[in-house]
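Worksheet: the structure to be examined is printed underneath.
Quantities reported herein were computed from a predicted structural model and do not represent experimental measurements.
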Amino acid sequence: MSILHDLAQTIEARKGTDPEGSWTAKLLAKGPEKCAEKFGEEAVEAIIEAVKGDQAKLTSEAADVLYHLLVMLAARDVALDDVLAELARRQGTSGIAEKAARPKG
């Protein structure tokens with residue numbers, strides 16, 4: 001998990017820096033909506049590669065998805081550790097039971 005924490009820290013450090021010198025800073029400067037849009041685009045690309053069955057391309061796209069997810073979280077000030085804590089909370093619970101226990105709405 002260290003690489004994800006390292007990447008999340010790098011993304012956080014790019015907030016407010018010169019957008020001309022960093023792709024991450026450029027994305028963050030465009031706002032949370034653009035970060036979410038870019039995440040969605042990357043997710044679709046990963047889905048396409050999963051359907052095609054190309055493992056190398058899926059691996060590359062999955063890395064893009066993880067990066068853009070972290071950028072989107074940073075744009076909304078959601079810490080990676082908070083997401084990991086939520087996953088830990090759900091661990092050992094049936095997915096069906098966990099979804100049924102979620103508040104409706």
Item to check | side-chain hydrogen bond (donor to acceptor under 3.5 Å, both in side chains) partners of Glu61, counting only residues at least two apart | outcome: none
Checklist entry - Is there side-chain contact between Thr10 and Thr24, with heavy atoms separated by less than 4.5 Å? => result no
Item to check | Where at least one partner belongs to residues 62-76, residue pairs that pass salt bridge (Lys or Arg N to Asp or Glu O under 4.0 Å), sequence neighbours excluded | outcome: Glu33-Arg76
Checklist entry - Partners of Ala29 by side-chain contact (heavy atoms from CB on, under 4.5 Å), sequence neighbours excluded? => result Pro19
Checklist entry - How long is the span from the CD atom in Gln55 to the OG atom in Ser60, to the nearest 0.5 Å? => result 13.5 Å
Item to check | Contact summary for Tyr67 and Leu27, nearest pair of heavy atoms | outcome: OH-CD1, 4.1 Å
Item to check | Counterpart residues, side-chain contact (heavy atoms from CB on, under 4.5 Å), relative to Val83 (two or more places apart) | outcome: Leu73, Val78
Checklist outcome for this item: By side-chain hydrogen bond (donor to acceptor under 3.5 Å, both in side chains), Glu37 pairs with (sequence neighbours left out) Lys34
Checklist entry - Could you give all pairs that pass the salt bridge (Lys or Arg N to Asp or Glu O under 4.0 Å) test and reach residues 9-20, with sequence neighbours left out? => result Glu12-Lys15, Lys15-Asp77
Checklist entry - Is there a path of hydrophobic side-chain contacts, each under 4.5 Å between heavy atoms of I, L, V, M, F, W or Y residues, that connects Ile48 with Phe39? => result no
Checklist outcome for this item: Minimal heavy-atom distance between Trp23 and His68, with the atoms involved, is NE1-NE2, 3.8 Å
Item to check | Pairs satisfying salt bridge (Lys or Arg N to Asp or Glu O under 4.0 Å), at least one member in residues 46-59, at least two apart | outcome: Glu49-Lys52
Checklist entry - Taking atom CG of Leu28 and atom CD1 of Ile11, what is their separation to the nearest 0.5 Å? => result 7.5 Å
Item to check | Distance, nearest 0.5 Å, that separates CG of Leu7 from CG of Leu69 | outcome: 10.0 Å
Checklist entry - How far does SG of Cys35 sit from CG of Leu70, to the nearest 0.5 angstrom? => result 11.5 Å
Checklist entry - For the hydrophobic clusters of this structure (ILVMFWY residues joined by side-chain heavy atoms under 4.5 Å, transitively), does one cluster hold both Leu87 and Leu4? => result yes
